[in-house]
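Report on one structure; see the data block that follows.
We number each residue from 1, following the sequence as shown.
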Amino acid sequence: LNAAEGAIVVAENDQASTSGAAQGLSWGLHDFMIVTEDFDGNRTTVEGQLLAGSSFEIAVATMETQTNRTRLELRLPLAHEAKAIAAHMMLERWRGTNKPTWRAARTERASQEELLLAALPTDSTALPQPVPPQRVEPLWVYGEGAKLLRVQAQDQHGVFSLPAFAQASTAIEASQPFYLEVKKDFFTRHLRLEVVGNLPFQNRPHAMFSAGEHALAVELIPQEPNRYIATVPLAQIAADSVLLTVTATSMNGAQSTWEEKFGNVALTPERGGTLAAADGRLRARFESGALYETLYGRVVIAAERAAHPLVLGPIYRIAPHDVPLRTQAVVAIAYPDSVSNPAKLGIAARNDSRANWNFIASKRNAFARTLSAEISSLGEFAVMRDEEPPLLLVQSPLPGARTKTRRPQISCRVADQISGFNSERDIQLRLDGKLLIAEYDPEREVVQWRPKVDLAPGTHVLAARAEDQCGNVTEREVQFVVP
């Protein structure tokens, strides 16, 4: 039982092990049962089947095209026998989709005469270069009008190969431009990479991660003729700046390259660390002990200019946003040089692009022209301006009113929709110059007070004041008469 990973290790898949507890599962289909029992004898049983064996690679090349069938040369590792072969065909001309419509096609092993014919010397440049030794099997795939073919083999253990693709006829225009799109999805411990081309690939694209003198080539797994994926451990590409380079060749021989840089900084609970934006205007500092576990973080400029009229400059996304913090981190953002009154600025945060902005209590450094704030979670951050004074209305007693009691209820509506209030001390009520200990209800947006003793008969003056986090102030004053 591996409690850290939340998994039960049944056996290691190692065919080289031959004796004792170290012996792994043999390739093929297995039945399994897992039974758990607590101290009171309550049992839970899970039963199922698992297929032991990793997918293997095959290669196919078009050798001959006839009206209603295509002869392929199938190559697979010697350790695997092709007990079953499934083929699918695409009839439509390629239109750049990453999800082609596949239709099942009938396959047939080539005859002995065709095997002899296939054994004659051929132009080796027409074939994917195999890693010897390999099995070679000529194969007919039936389907009139096929443009692309998708082939998958199942070996003697029931294990399926990765799909392989071949061009049956002119599926793409030679003049069509070829380009790549690369998508990255970050998870807690790994990166999922997806490489998509607008044209089918001639062979496996090449992906390389570089950081300084360190380089890591990853093996992409085919999904479609123009779509490959890979999973990369973040620990193997941890650096302040990582360069990803992807190169690919289309089936018509065109080449394309994709390059981009991103951050993948390893922050540990013992040492903490700092994340910085590429433009140098945001830094997030994590002290020692701020994290529960190692975090692979980065700062992305989500937008150079926000649609919100009060947000100044870029929107920064500190990721991953779903990581809990043991103690608060500190984020600092440089505000634009054009700002003449930084007192009206603060740091605003939100969980994602669909949420509302929330002001955070910020400190200003006029010399460095930065704003800083403590944060308890990661997400999107930006500089926001607030020059709007709070809303403040005296609801009771009304100006000039004559109260019905000597202990009148004093109530004001108070709200600020942008920066908000730091604390209740930013909202003050004074009666005849004396500060009242009033009760503030932020949900109802009401501050109120009632005297515990009778007020003196005559005219009284109520003064109300509200100040938001950016120093915007609203004041109200009313007079009323106590009988």
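For Lys184, the NZ atom sits in a packed shell: over 12 heavy atoms of surrounding residues, nucleotides or ligands are nearer than 6.0 Å. The neighbour count for Tyr179 OH, taken as heavy atoms of other residues, nucleotides or ligands under 6.0 Å away, does not exceed 12. Other residues, nucleotides and ligands contribute only 12 or fewer heavy atoms inside 6.0 Å of the NE2 atom of His321.
You'll find the side chain of Leu275 reaches within 4.5 Å of the side chain of Phe286, heavy atoms only. Contact check for His308 versus Met384: side-chain heavy atoms found under the 4.5 Å cut-off. Counting only heavy atoms from C-beta outward, the side chains of Met251 and Leu148 approach each other to under 4.5 Å. Contact annotation: the side chain of Val246 approaches that of Leu180 to within less than 4.5 Å [non-hydrogen atoms, C-beta and beyond]. Counting only heavy atoms from C-beta outward, the side chains of Pro320 and Phe186 never approach each other to under 4.5 Å. When side chains are defined from C-beta on, Tyr316 counts as touching Arg281, because their heavy atoms get closer than 4.5 Å. Under the 4.5 Å side-chain criterion, counting only non-hydrogen atoms from C-beta, Ile360 is in contact with Phe381. In this structure, Asn356 and Arg350 have side chains that are not in contact, with every pair of non-hydrogen atoms separated by 4.5 Å or more.
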Would you sort out whether Arg43 and Val35 count as a side-chain contact (heavy atoms from CB on, under 4.5 Å), showing the intermediate values?
-> CA-CA 7 Å; Arg43 287 192 175 190; Val35 180; 4.1 Å; yes
From CA spacing to verdict: side-chain contact (heavy atoms from CB on, under 4.5 Å), Leu325, Ser376 = CA-CA 6 Å; Leu325 303 181; Ser376 56; 5.7 Å; no
Do Glu73 and Val136 pass the side-chain contact (heavy atoms from CB on, under 4.5 Å) test, and can you show the C-alpha distance, the side-chain angles, and the key distance before you say yes or no?
-> CA-CA 7 Å; Glu73 183 170 274; Val136 179; 3.5 Å; yes
Show the numbers, then the answer: is there a side-chain contact (heavy atoms from CB on, under 4.5 Å) between Asp38 and Thr44?
-> CA-CA 9 Å; Asp38 62 17; Thr44 298; over 6 Å; no
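To the nearest 0.5 angstrom, Asp386 atom CG is 4.5 Å from Asp468 atom CG. The distance from atom CZ of Arg227 to atom NZ of Lys99, rounded to the nearest 0.5 Å, is 7.0 Å. Within the model, atoms CD of Glu224 and CE of Met90 stand 10.5 Å from one another, a figure rounded to the nearest 0.5 Å. In this structure, Ser372 OG and Arg285 CZ are separated by 8.5 Å, a value rounded to the nearest 0.5 Å. How far CG of Leu244 is from CD of Glu259: 8.5 Å, rounded to the nearest 0.5 Å. In this structure, CD1 in Ile221 is found 8.5 Å from CD in Glu57, a value given to the nearest 0.5 Å.
Here the side chain of Asn226 pairs a donor or acceptor atom with the backbone of Gly197 at under 3.5 angstrom. Of the possible polar contacts, none joining the Gln152 side chain to the Ala86 backbone as a donor-acceptor pair under 3.5 Å is found. For Asp155 (side chain) and Val159 (main-chain N/O), a donor-acceptor pair under 3.5 Å exists by modelled atom type. The backbone N or O of Leu72 lies less than 3.5 Å from no partner atom in the side chain of Glu137, so there is not a single donor-acceptor pair. Formation of a donor-acceptor pair under 3.5 Å by the Asn365 side chain with backbone atoms of Arg369 is not found in this model. Using modelled atom types, one side-chain atom of Thr65 and one backbone atom of Ala168 make a donor-acceptor pair closer than 3.5 Å. The backbone N or O of Glu181 sits nowhere less than 3.5 Å from a side-chain atom of Lys183 that would complete a donor-acceptor pair. Not one N or O on the side chain of Thr249 forms a donor-acceptor pair closer than 3.5 Å with the backbone of Gly253. Between the side chain of Asp416 and the backbone N or O of Phe421 there is no donor-acceptor pair closer than 3.5 Å. Between the side chain of Thr474 and the backbone N or O of Leu391, no donor-acceptor pair lies under 3.5 Å.
In terms of heavy-atom proximity, Met208 sits nearest to Ala215 at SD-CB, 3.8 Å. Shown here for Glu380 and Trp357, the closest heavy-atom pair between the two residues is O-CZ3, 3.7 Å. Residue Glu81 comes nearest to Gln156 through the heavy atom pair N-OE1, 2.8 Å, listed as atom of the first residue, atom of the second, then distance. Nearest heavy atoms, Ala153 versus Ile58: N-CD1, 4.1 Å. In plain terms, the two heavy atoms of Pro177 and Leu199 that are nearest each other are O-CD1, 4.1 Å. Summarising the geometry of Met89 relative to Ala104, their closest heavy-atom pair is CE-O, 4.2 Å, with the distance given to 0.1 Å.
Taking the salt bridge (charged side-chain N to carboxylate O under 4.0 Å, His left out) definition, one finds that Glu424 meets it with nothing, sequence neighbours left out. Not counting sequence neighbours, Arg364 has no partner by the salt bridge (charged side-chain N to carboxylate O under 4.0 Å, His left out) test.
Listed by first and then second residue, the salt bridge (charged side-chain N to carboxylate O under 4.0 Å, His left out) pairs that reach into residues 318-331 come to none, sequence neighbours excluded. Within the structure, the salt bridge (charged side-chain N to carboxylate O under 4.0 Å, His left out) test picks out the following pairs touching residues 291-304 (sequence neighbours left out): Arg189-Glu293.
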For residues 329-346, please give each side-chain donor-acceptor pair under 3.5 Å, one per line with the distance, not counting sequence neighbours.
from: Asn341; atom 1: OD1; to: Ala343; atom 2: N; distance (Å): 3.4
from: Lys344; atom 1: NZ; to: Asn472; atom 2: OD1; distance (Å): 2.8

Counting only pairs under 3.5 Å, give me each side-chain donor-acceptor contact of residues 261-274, with atom names and distances, residues two or more places apart or in other chains.
from: Asn264; atom 1: ND2; to: Leu234; atom 2: O; distance (Å): 3.0
from: Asn264; atom 1: ND2; to: Ile237; atom 2: O; distance (Å): 3.1
from: Thr268; atom 1: OG1; to: Arg271; atom 2: N; distance (Å): 3.2

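The aromatic rings of Phe178 and Phe201 sit perpendicular, their planes meeting at an angle over 60°, well past the 30° parallel limit.
Trp94 and Gln167 share no donor-acceptor pair across their side chains, judged by distance under 3.5 Å alone.
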